[in-house]
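Notes follow the structure.
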Amino acid sequence: MALFVRNRRPVVLDGRLRHIAFIMDGNGRWAQKRGLPREQGHKIGAKAFQKIALHCESLGFEAMTVYAFSTENWKRPAREVDAIMDLLEEYIDSSEKEMEGHSVRFCFIGDRSPLRPSLQEKMTRVEEITADGRMTLNIAINYGARAELCRAAEQLRSTDTPITEQAMSEALYTAKSGDPDIIVRTGGDLRISNFLLWQAAYAELYFSKKLWPDFSPEDVDDVIREFYTRKRRYGGL
Ligand code: IPE
Ligand code: IPE
Ligand code: MG
């Protein structure tokens, strides 16, 4: 029997792996495959996200960044966009209870100004009440890396700050959590879709064919094992 069981040895993080990022893709296809409306995929995807965030906190990650809604996702039908916004509000409402026993600092990245006021208020409130949390959880909503880079450049220009790599990094939404060590994309597509373009410079990339609602904490453990087989050279030897 043991032959058929995946390597379940618990993974232990060391200083090489501090920050993990996820492009949570494949919710719509997950639902469509089952003859369900796409919104149902987002609902189950939100549950997968909840479990994985708790798992990453338990493992001791310093930061986790997830792509929840891109600047391009407004192109979708209003019904789907509204359902995603409803789910985000529900998620924030339930997070206090869900996160019990875990220490997570919520941080929303992206331009929140076009979001509905009720969602903006919840985002600000949960950020305030979790400000002392241990693991930073960056949730990207109305986030696009190009917009983030333009905003950072504009900020440096308007304050007459010399444009250095360090100044740019510090002007990004991720200033506090730094660059991800690994970026995981589910759903089978091999692209970045305007996520963390600057921060991804030397990130390891991991692509999974699994659709996001099917992605589990065990799959995260597989990502971690794979990460430790990679040799990061940063251009050196
Ligand atoms: C990712 O799943 C979630 C968002 C982009 C909001 P998708 O909704 O893109 O699912 P697929 O890629 O169409 O299956
Ligand atoms: C990326 O997925 C955005 C999120 C997961 C939030 P998309 O489904 O929007 O990306 P494309 O359109 O396949 O590139
Ligand atoms: Mg998609």
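Note that ligands are numbered from 1 as they come in the structure, with each ligand's atoms numbered from 1 the same way. Please read all numbers here as calculations on a predicted model, not as lab measurements.
- Other residues, nucleotides and ligands place no more than 12 heavy atoms under 6.0 Å from the CZ atom of R79.
- More than 12 heavy atoms of other shown residues, nucleotides or ligands fall within 6.0 angstrom of atom CG in D14.
- In this structure, a donor-acceptor pair under 3.5 Å is absent between the side chains of D181 and H19.
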_Stepwise ring pair (Phe, Tyr, Trp, His ring centres under 6.0 Å) check, W212 with F22_ = CA-CA 10 Å; W212 177 257; F22 295 94; 5.7 Å; yes
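- Remark: R157 engages E154 in a salt bridge, criterion side-chain N to carboxylate O under 4.0 Å.
- Ligand-side atoms of ligand 2 in range of R191: 11 (P), 13 (O), 14 (O), range being under 4.0 angstrom from any heavy atom.
- Contacts of R29 classified as side-chain hydrogen bond (donor to acceptor under 3.5 Å, both in side chains), with partners at least two apart in sequence or in another chain: D25.
- Protein residues having at least one heavy atom under 4.0 Å from any atom of ligand 1 are M24, D25, G26, N27, G28, R29, R38, H42, A68, N73, R76, E80, I84, listed by chain and number.
- You'll find the side chain of L87 reaches within 4.5 Å of the side chain of K43, heavy atoms only.
- With respect to the salt-bridge test (charged N to carboxylate O, under 4.0 angstrom), the residues R125 and E121 do not qualify.
- The R185 neighbourhood of ligand 2 comprises atoms 2 (O), 10 (O), 11 (P), 13 (O), 14 (O), with distances under 4.0 Å to a heavy atom of that residue.
- Listed by chain and number, the protein N, O or S atoms at a distance under 2.8 Å from the Mg ion (ligand 3) are D25 OD1.
- Clustering of Ile, Leu, Val, Met, Phe, Trp and Tyr by side-chain heavy atoms under 4.5 Å joins L211 with W30, L36, I44.
- Between E127 and R112 there is a salt bridge, since a side-chain N of the basic residue sits under 4.0 Å from a carboxylate O of the acidic one.
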